[in-house]
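Everything quoted here is computed from the prediction, not taken from an experiment. Throughout, a chain's letter reflects where its sequence line sits, starting with A, and its residues are numbered from 1.
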Amino acid sequence: MKKLVRIRRVFQLFFLVLFIYILWSTTYPLTGLLPPETFFKINPIVMVMTALSGRIMLAGLSAGLAMIVLTLLFGRFFCGWVCPLGTMIDITARLARRDRWGRSMRTGKARLIKFGILFLVFIAGLAGIQAAWVLDPMVIMARFVSLNLIPAATQALDSVFVFAMTTLGMRETLIDAYRWLKESFLGIQPHFFAHAGGLFLFFALIIGSSALAPRFWCRCVCPLGALYALAAKAAWMRRLVDICRHCTLCIPRCRMGAIREDMTYDKGECILCMDCVYDCPQHATRFGIVPRLREKEPEHRTGISRRSFLLLLGLSLAALGRRVFAAASPPAGTPAGSGIIRPPGASGEEAFLDRCVRCGNCMKVCPTNGLQPLMLEEGLEGLWTPRLVPEIGYCEYLCTLCGEVCPTGALRRLDVEQKKRTRLGLAVVDRSLCIAWAHGQECLVCEEHCPVAEKAIKVVEHRGPSGVVVGAPVVDPNLCVGCGICQNKCPSRPDRAIRVFPY
Amino acid sequence: MEQPQSFFNRRVTRRGFLKLLGALAVTLPAWSLAGRHARAGETNARPKKGIRGDHDLVVAEGADPYATTVKAVEALGGMGRFVSKGATVVIKPNIGWDRTPAQAANTHPEVVAALIDLCLGAGAGRVNVFDATCNDARRCYDNSGIREAAEAHGASVYFTNDWDAVKARFAYESPMEGWPIVRDAVACDTFINVPVLKHHGLTRLTIAMKNLMGVCTGSRGTIHQGIGRKLVDLTDFISPELTVVDATRVLLRNGPQGGNLADVERRDTVLASTDPVLADAYACSLVGVDPGELPNLVAAKARRFGLSDLARADIAHVA
């Protein structure tokens, strides 16, 4: 029974699996059925706010706007039927047996918080600051899947196979299956990400907030939910109660707390989960498309007051003015003033931060695992943005994947010829550590791996301490692109004798 | 009051605890010893079969890499000499770099394809093709064209895994002692080394002996210190039954990766030999390099390993 609820769950699971599949297939050679940025393109917060803060027209902006139009017709169907974070919240609540507990919890005015967050994001966008990423559900879910879930799952499965083949001695039986798995969904090496614990903690807090009230995140915090709530006020899809005996059973059971004491409901809060259809003992609750109701709904002042709206408008204009004023003065500081190497195709630090939504796609796709999330090395505004860590993985010379999967163009799409000319930094030989320079031993591993066709690392003759003449590396700054393969492969330990510095 | 006894709330008695300790003392050393069959001083190198060809070295010339490779192996005595029925064969080309066949940094896919056909024609049970690459393995396997060609001709192509290696043990003192070697490269009936001749910054040229670095896993950068001696020991450890050198086109400068087609010249030559040292020494002459410039050939000569004196070798030319 509960046919509509079951259909909803099937949709939720389908989109959750699709979401994970898309990120899973965000890897070389990028032959997934759907483009890696699919879920971001249909996300109006990410697309509109980035377009706003970056002052650009983004390709695929229309998909986000189409979602708003759909919400104008059908209400917050996205939150109840599509959103993978919402599905994760529903699943964990059910596993924790909290899906029916605490539903009487009233969130009251706390639900207004999400509108405040949405306006802050909007104002920040007007001022040219990208803030959509902080609390956007799609971004949060993508980071969890790409940087926590998939690495943990692949590492665990890989370990089980390796344990069975080494310690249990089942190599002959399993090796072919293992090789097939590695080429299909295990990937040739499990990725690791710095600070994955911090990322997971953030995600776990959001999931755990359901302990306060069911779907607390969706009720009170989510800025995408807030945007859809505003649009859903006008929705044609309505909850229709044919016979109501005011038993009030549906009120505490509504996971969004959308049904009021007077038995009316807040269309902006309803996510069409269809629970109330079956909670109603009269079997008289249904949903239907009705463009206009005959009698007017009673006024409910739950939205934003006129005074606050004007205040917010004034604030945003002030912020705009500040931005225009600031543009006249020179940009503050050099881009990447610290030791951060950005991925290829990142244009100037400020423009990059305006566009990057920290979705983790570039880090997921990087074939060498060299792209890692920053913590606070670049301040709060650099949180979870990608950096190249050559000692973990270098930038593959002919690879252009990170630009191809970036949903907002924070990393530009480069063709291979452009990529070969893209500089990330400059390699510097530390002659006090270099095996050839300091010890007079043959090495030249850096020169061997240098991918530039004319070799950005040149060999000069050097007479070492023992009197033997060996070839020693010298970097040609005009040719070096800073890919970091020399640093990655340098055998000097514990510190590499050739390192890439931001250019 | 008597507590119900179950597995979890059983009281630990002194006798029980001592029994447990005793059991562990017996099983743990047995467990850890179970996987170690070999004793010190015993090598786990591939056995030397001592198969000779009709000549020491065959130099085949021709514009078509596939046909030239077939000619070279036929003139050496045919693949049947090296591959027995049902044998597991490893073909180890150079797939080290993310480069196209025309850029000459990897073995020509048609040379690999010809060898696979010859092996399967001789009755090989299974032909494995792999290399521990320098660039991202998937890009190397794809862009070298070797995966596509090898799979089309019936070989199994796969990536190496660092955990799936054996530690090399030598009967003599060696700087390569304990180095992890890809397990399948050691545990095979026939090993065919298929290098590409090209320029190299450290060893002047990289040919057959240097190509064997591709069966080593681990942090290979340290092999570069004292590389001559290490390559000799590695070659001795693997002892390939057959060496086929791809010199159809040669990267003359900016090796071993290249990337610039102006650095590539055609030589239309394939070498086949049972002696990797002789193959290296002869390949030098194709590009006018003195074998004395290659540290591995210097070390081989000093150790009297292989035949590096071309004047004493039986070299056949086929065109």
Side-chain angles (χ1 to χ4, degrees), chain A residues 27-29 158-159 161-163 165-167 169 171-172 175-176 178-180 182-183 187-189 366-369 393-394 396-399 401 420 435-436 439-455 457-459 470-471 473 485-486 488-493 496, chain B residues 31 34-35 96-100 103 105 126 128 130 133-143 147 156-165 183-184 187 199-204 206 210 213 219-228 251 253-263 295:
Chain A
T27 186
Y28 176 87
D158 192 79
S159 302
F161 266 90
V162 171
F163 177 79
M165 282 185 284
T166 53
T167 314
R171 183 181 180 277
E172 299 314 312
I175 189 79
D176 283 323
Y178 176 75
R179 282 178 186 144
W180 179 82
K182 287 210 97 156
E183 301 226 10
I188 59 167
Q189 57 162 22
C366 180
T368 66
N369 199 195
Y394 61 94
E396 188 69 66
Y397 189 51
L398 303 177
C399 169
L401 289 177
K420 283 156 92 173
I435 288 165
H439 306 291
Q441 281 187 294
E442 55 189 350
C443 183
L444 292 181
V445 174
C446 52
E447 186 264 355
E448 178 185 42
H449 284 84
C450 179
V452 180
E454 307 83 47
K455 292 284 180 198
I457 297 176
K458 305 294 184 194
V459 181
V470 294
I485 194 171
C486 49
N488 184 269
K489 307 280 182 182
C490 175
S492 167
R493 294 290 182 282
R496 314 291 162 116
Chain B
W31 179 269
W97 307 100
D98 180 15
R99 293 289 193 243
T100 60
Q103 288 168 327
R126 179 173 173 146
N128 295 327
F130 57 81
T133 61
C134 298
N135 287 126
D136 180 67
R138 296 162 296 190
R139 296 188 62 92
C140 295
Y141 278 43
D142 288 350
N143 295 335
R147 184 216 284 268
S156 14
V157 184
Y158 50 83
F159 302 120
T160 61
N161 297 300
D162 276 5
W163 61 266
D164 198 16
R183 184 179 298 274
D184 280 1
H199 169 257
H200 190 276
L202 179 64
T203 60
R204 188 62 183 85
T206 156
K210 179 80 169 69
M213 264 181 81
S219 175
R220 292 181 290 184
T222 54
I223 295 180
H224 275 209
Q225 287 90 57
I227 190 165
L251 178 64
R253 288 170 296 277
N254 297 318
Q257 264 190 95
N260 191 349
L261 291 181
D263 293 338

_Check: A:Tyr178 ring centre within less than 6.0 Å of B:Trp163 ring centre_ = yes
*State whether A:Glu448 and B:Arg220 are salt-bridged, where the test is any N-O pair (Lys NZ or Arg NE/NH1/NH2 against Asp/Glu carboxylate O) under 4.0 Å.*
no
Looking only at heavy atoms and a cut-off of under 4.5 Å, which of [options] has the most pairs with chain B?
options                                : result
A:Thr166, A:Leu444, A:Val452           : A:Leu444
A:Val459, A:Asn488, A:Ile188           : A:Ile188
A:Gln189, A:Glu454, A:His449           : A:His449
A:Gln441, A:Glu396, A:His439, A:Met165 : A:Glu396
A:Ala436, A:Pro491, A:Gly471           : A:Pro491
A:Gly393, A:Pro29, A:Cys399, A:Gly169  : A:Cys399

Using non-hydrogen atoms only, which part of [X] is less than 4.5 Å away from chain B: side chain, backbone, both, or neither?
X        : answer
A:Ile435 : side chain
A:Glu183 : side chain
A:Glu447 : side chain
A:Ile457 : neither

*In terms of side-chain heavy atoms, does B:Asn128 have a donor or acceptor partner in B:Ser156 at a distance below 3.5 Å?*
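A donor-acceptor contact under 3.5 Å links the two side chains.
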*Among B:Gly96, B:Gly258, B:Ser219, B:Ala105, who wins on heavy-atom pairs under 4.5 Å with chain A?*
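Top count of heavy-atom pairs under 4.5 Å with chain A: B:Gly258.
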*asked:* Under a 4.5 Å cutoff for heavy-atom pairs, which residue among B:Asn260, B:Asn135, B:Ile227 has the most contacts with chain A?
replied: B:Asn135
Side chain, backbone, both or neither: which part of [X] has an atom under 4.5 Å from a heavy atom of chain A?
X        : answer
B:Arg99  : side chain
B:Ile223 : neither
B:Thr222 : both

State the [atom1]-[atom2] distance between [X] and [Y], to the nearest 0.5 angstrom.
X        : Y        : atom1 : atom2 : answer
B:Asn143 : B:Asp98  : CG    : CG    : 4.5 Å
A:Cys443 : B:Leu202 : SG    : CG    : 7.5 Å
B:Tyr141 : B:Phe159 : OH    : CZ    : 6.0 Å
B:Asn161 : A:Phe161 : CG    : CZ    : 12.0 Å

*Heavy atoms of other groups near A:Trp180 CH2, more than 12 under 6.0 Å*: no
*asked:* Whether A:Arg179 engages the ring of B:Tyr158 as a cation-pi pair (distance to the six-membered ring centre under 6.0 angstrom, angle to the ring normal within 45°) should be assessed.
replied: yes
*Is B:His224 close to B:Met213 at the side-chain level, that is, under 4.5 Å between some pair of heavy atoms?*
yes
